Every structure is written in C-alpha cells, then in structure tokens.
Amino acid sequence: MDEPTETLLRIGRDISQLLASSHTSSLYTLFFIDQAARESSESPHASWPKVVTRVYNGLRALDIQQHARIYHVDPTYYSWPLYERALCMKAPSPAHLCKLVVLENKHWRTPTETHKSNAQYYAVLVQYMQTIDTKALAVYVRALGGNTMASRHFKFRLADPQVSKELTGYDKNGVSPVAMTHNVPVIMSTSITQLQPPVFWLGAGHVDYKLALPVQTFIDATQCMVAPVSQPVTFD
C-alpha cells in the first residue's frame, strides 16, 4: 500500500472514531438534517436522470425529502475502495455505505398467508461491509408466518438481475427501496440500525447518484422490517 493511500485510510479511521462518540454523532446528525432541509427547499436539479427524480418524488410522497440528501458521484466511483467512496460523500465511515439486494425464495409456493410472511421476493438493505445470511433470512421470514410452513419451503438466493430490475425499476448499483415499481417487502439488516451517526447511504435510482438519510426516518416512513440477516465480511 502506498503512502497516500495509507494516509487516507488513517484519516478515514480517525474521522470514524471521532464521529462514533455520542456528542459528535448528535452534532453530525443535526448538521446532516440541516443541510438536507436546505437542499430540499431548492428545486430538483435539472440534470438529474428521470429515475433519480422518481426517487425524489417517492421521498416527497413519504414526506421525508426534507431529511434526505442526494449525491452525484464520479462515474469511476465503483472502481474506488470503500473508504474513498465514503470520503467523497463525507459519510462517517465505509460501514455507512449500504445497498439494496433482491433475493428470491427458490422454494416459494403459492401464498396462503400475508404478503410479508410469504413473499417470493424480498429486498434486503445491507451494508457493503456485511454479507446477507440467507439462512438467517429464511429463519426470519418463516417466523413471520408463525413457523407454520416447513423450513424446506425457504431457500433464498440472489434474484436474477433482470428480475430485480423488473421488480424495482432500477439497474444494478442504483437500486433504491424508494418508489419501486412493485411492492417488494423490504428488510433492513439490524446492523444498519447500530450505525453512529445514525445515517446511511444507498442507491438513488441511478449508478451515479446516491441517497442518504437518517436510519430511523426511513424505518418510520416505510415501515420496513428490521432483522439480523447479515454477517460482517473482511476486505483486504
């Protein structure tokens, strides 16, 4: 690792540690909300792609646009390491960067229960520094239905990319849980609720745009489910 990279990593770690304290976390969150409110009072940028405008309108429908911020990132963003992506958007740490992944229950059968407890597809919000635990997801979804169905009916795998696009209306690396084209149940990994400061970043409909908002604001507005469905991963 070269010296500039080591320096950036050290700076990133120092910032993360500083913002993790209760006092600075609160200050950061207040600053974030203030900036979001200022930006929401302005008209959406004329150069936004239509899908980003769709996400923004979805935020307005949920009445949370005043708490959200949309970032335009460099086209080479996904070639950067996580710490550099976090720094470019002034995110507190790489752990605050999240994504929405659509999973399919490969052993799904015709529903006999409520939509959330026996859906063929689920959209899971997970950090880039975590991996989805499909077994834990199966246990959680089965429990939603009171464990009335045999465990053999639950086997989750990544949905086909084209299916994911059809269900959400968004392409890879731009997938957002806001204004999806179909009502796919959303499950947020519990680890996201433990972030300090409690703000998270995710897709804004287009690969070059990202959305950030307070975790609890999103949960309250969408009534998404929250469950321990991920595990930490190690990056080189």
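Computed from a prediction, not measured in an experiment: that's the story for all the values here.
- For the residue pair Gln130 and Val233, the shortest heavy atom distance occurs at N-CG2, 3.9 Å.
- What you find for Gln66 and Asp63 is that their closest heavy atoms are NE2-O, 3.2 Å.
- A salt bridge between Glu39 and Arg69 is present, with a side-chain N of the basic residue lying under 4.0 Å from a carboxylate O of the acidic one.
- Using cut-offs of 30° and 60° on the angle between ring planes, the pair Phe156 and Tyr122 is perpendicular.
- No single ILVMFWY cluster, assembled from side-chain heavy atoms under 4.5 Å apart, contains both Phe31 and Met89.
- Taking the centre of each ring, His72 and Tyr209 come in below the 6.0 Å mark.
- When every heavy atom of Val226 is checked against every heavy atom of Tyr140, the shortest pair comes out as O-OH, 4.1 Å.
- Side-chain contact between Val124 and Val229 is present, with heavy atoms from C-beta onward closer than 4.5 Å.
- Between Met188 and Val126, the closest side-chain pair of non-hydrogen atoms is not below 4.5 Å.
- In this structure the side chain of Leu103 reaches within 4.5 angstrom of the side chain of Thr134, judged on heavy atoms.
- Taken from CZ in Arg38 to CD1 in Ile33, the straight-line distance is 13.5 Å, to the nearest 0.5 Å.
- Looking at Pro198 and Pro214, their side chains never come closer than 4.5 Å, going by heavy atoms from C-beta outward.
- Heavy-atom minimum distance, Leu97 versus Ala86: CD1-N, 3.8 Å.
- Between Asn57 and Arg60, some side-chain heavy-atom pair lies under the 4.5 Å cut-off.
- Nearest heavy-atom pair, Val73 versus Val207, reported as atom, atom and distance to 0.1 Å: CG2-O, 4.1 Å.
- A heavy-atom distance below 4.5 Å is found between the side chains of Asn173 and Tyr78.
- Taken to the nearest 0.5 Å, the CD atom of Gln65 stands 10.5 Å off from the CD1 atom of Ile70.
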As a quick check of understanding, evaluate side chain to side chain contact (heavy atoms under 4.5 Å, CB included) for Tyr77 and Cys88, giving each step before the final call.
CA-CA 9 Å; Tyr77 173 86; Cys88 86; 4.0 Å; yes
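- Under the 30°/60° scheme for interplanar angles, the aromatic rings of His96 and Trp201 are found to stand perpendicular.
- For Gln196 and Ser25, the side-chain atoms include at least one donor-acceptor pair closer than 3.5 Å.
- Within the 3.5 Å criterion, the main-chain N or O of Ala36 finds no donor-acceptor partner in the side chain of His67.
- One distance of note links CZ of Phe154 with CG of Leu137; it measures 10.0 Å at 0.5 Å rounding.
- Counting all heavy atoms, side chain and backbone alike, Leu211 lies closest to Gly203 at CB-O, 3.9 Å.
- Residues His153 and Val141 fail the side-chain proximity criterion, which asks for heavy atoms closer than 4.5 Å.
- Side-chain contact between Ser230 and Asp133 is absent, with no heavy atoms from C-beta onward closer than 4.5 Å.
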